[in-house]
Each structure stands twice: as C-alpha cells, then as structure tokens.
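What follows is a short report on a single structure.
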Amino acid sequence: RALGAGTAWLAHDAGDDEAIDRDLSLLGELDAAIPRGEIHVVYQPKLDLTKGRITSVEALVRWQHPTRGFLRPDLFIPLAERNDRISALTLHVLGQTIADLLGWHARGHLITGAVNISAKLLNSPDFIVALRTLVEASQIDPAWLTFEVTESAAMDDPQGAAEALRSFRAMGIAISMDDYGTGQSTLSYLKELPLNELKIDRSFVQFAHQNRGDGVLVRSTVNLAHELGLKVVAEGVEDAACLTFLKSIDCDMVQGYFVSRPVPADALEVLLSEYSIA
Ligand code: C2E
Ligand code: CA
Ligand code: CA
Ligand code: CA
C-alpha cells in the first residue's frame, strides 16, 4: 500500500526534491496515523441567530503527529487527496462525527454535524458505497448530517457533482456549498445543484460591517440564497460588530472565532449547555 506513495512526485515540480521527500515520509506516516489513533476531530459551532442557539457543528480534522505536534488539515488533506487516502480519511472523520452525534443526541442536544467532502469524493462510487454501509451500520438518522462541498469542487465536473450530491440527498444528507464566493460558479449552478445551505466565505464576511463593497455582496448573497430557499451561514465571524451586522441583514447562522474556535467533543458539549445570546 505504501508503494502508492511513489506517484506523489507527479504532483510536484521536478526540482522540488525536498518537498517530495517530506511528502513521502508524511504520506507513510499518514497511513499509520489512523490505526495509531493520531487523527482527531474537533468541532466548531454554527450559531443560529434566530434561535440564539448552537444548532449545528462543523467537523474539522486534526492530526496529532508524534513528533511534529498538532498538524492543521492544509498540510495533509491535499496530500491525502493526491494519493488516494482521502476516502479513508473522510470515512474516519465521518465515523467519529457520527459517534459524537449519537452521544450528544442521547444527552438531549439535538444538533446536526457537517463534514467536509473533497471534490475527489464526488467522483467516487466506492466512497458512496462505503458511506451507505457506515450510515446504515451506525443507525444514525442521515438527516443529522450535512456535507460541505466547495464551489470549486462542484465546478470541476458540474454534472458528476450534481449526480453525487443527489445521491447524498436521496440518503437524507443535507448539502452545504462551502467557501461561497471564492469560486467561479454561475448562478445557474446554484439553481441546479441540490443545495440546502450556502456558506459565505470568510474573505467576504470578515469586513462586511466596515467595508461597503463587502457588505453589499454579503447582503445580496443572503437575499439571493433566501429567494432560492437556502439557509445562509457566514463563516469567519471574529467580532461582535460583524455578528450584529449579519443579524441586521437576516443571515441565518454564523460561525467563527467570536462564537468559538474549533474544540474537542467534550468542550463542545459544554458550549452546547451554556451557549445562548441575548
Ligand atoms: P473550511 O472548511 O473553510 O474550514 C474553516 C477553517 O477556518 C477552519 O480551519 C477553521 O478553524 C477556520 N476558522 C473558523 N473560524 C475562523 C475565524 O473566525 N477566523 C479565522 N481566521 N479562521 C477561522 P482548519 O480547521 O484549519 O481547516 C482548513 C480547511 O481544511 C477547511 O476549510 C477544509 O477545507 C479543510 N478540512 C478540514 N477538515 C477536513 C476534513 O475532514 N476533510 C476535508 N476534505 N477537508 C477538511
Ligand atoms: Ca467547511
Ligand atoms: Ca469554509
Ligand atoms: Ca473559507
């Protein structure tokens, strides 16, 4: 299996030998990381502005590397995507998320959980089969799950993506369009893809209350999404002024450091018990 690592160099400039060596050793370590229990999931709440409650959480993967410390996903997700490890990694994240959701629901916290799904997996019949098996074995209500898919993922192959998203929806899983505004999507895709939620990218949200241009973009995106029957999440909300602005334009949900950083499952549960806004 580790031999598959031999294709990693294809993704690099021929001159970038050091990066290749680093990648190859990291890839080998990644294969061992799941069985060793080094891959963890942290959760970042989505705060419903109407209810003033946390109604959903996003699962974000972390790697507690034995020597390099906590690794952020940007460092190893692209590596996993290039080398056919993303399905296994995503199923692991999903399995952990499902286990945590079952616990939270059993203790009265009726929240949903969102998992990030790479473009590659929208083109993978094997992933859909494994997903179905996992969901059925877990006895979870699939309506507790949301899949976050980036705009660029859907744009790579709009037809294929739409088909995959429809099969997720047919299972009962909700679909959120992630990082909205950063890709090249046309308005027709918004209409044609089977979406439930739109997440406006942090780059538009962060200064929306200060910068007139950003504010106009965010407000018109909220209106557009509502016209299409979609819920809107603003990501990257870091201060109270930003949250107040988003509330004033009828944004449904916010996510960001102002509400909470991503935290482990037990800390999230404390937030669920305590969190409410006036
Ligand atoms: P994303 O899906 O856009 O996730 C949001 C990222 O923004 C997270 O970084 C989060 O920690 C960070 N963030 C949240 N609130 C704030 C804020 O108020 N300010 C700022 N400056 N940052 C904020 P993280 O956890 O490092 O994840 C980075 C990316 O890695 C994610 O972007 C997602 O695309 C990817 N990723 C994470 N977990 C998974 C996974 O399980 N599978 C896949 N395929 N991708 C994942
Ligand atoms: Ca996301
Ligand atoms: Ca995002
Ligand atoms: Ca983003």
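Just follow the structure's listing: the first ligand is 1, and inside any ligand the first atom is 1. Source: prediction; values computed, not measured.
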Quiz prompt | Residue that, paired with Lys46, satisfies side-chain contact (heavy atoms from CB on, under 4.5 Å) out of Lys231, Glu235, Gln255 | solution = Gln255

Quiz prompt | Atom nearest to the Ca ion (ligand 4) - Glu235, N, O or S atoms considered | solution = OE2

Quiz item: Looking at Asp179, which of its N, O or S atoms is the nearest one to the Ca ion (ligand 4)?
Solution: OD1

Self-check item: Residues Asp84, Lys120; criterion salt bridge (charged side-chain N to carboxylate O under 4.0 Å, His left out); working and verdict
Solution: CA-CA 9 Å; Asp84 279 329; Lys120 282 241 156 125; 5.2 Å; no

What N/O/S atom of [X] gets nearest to the Ca ion (ligand 2)?
{"X": "Glu148", "answer": "OE1"}
{"X": "Glu58", "answer": "OE2"}
{"X": "Asp178", "answer": "OD2"}

Practice problem: Could you confirm whether Asp201 has any N/O/S atom lying under 3.0 Å from the Ca ion (ligand 3)? | Solution: no

Exercise. May I ask you to check if any N/O/S atom from Ser176 comes under 3.0 Å of the Ca ion (ligand 2)?
Key: no

Quiz item: Is Glu29 paired with Arg68 through a side-chain N to carboxylate O contact shorter than 4.0 Å?
Solution: yes

Quiz item: Would Asp31 and Arg85 pass as an ion pair if we require N to O under 4.0 Å?
Solution: yes

Quiz item: Quick check: does any side chain N or O of His105 sit under 3.5 Å from a backbone N or O of Ile111, one acting as donor and the other as acceptor?
Solution: yes

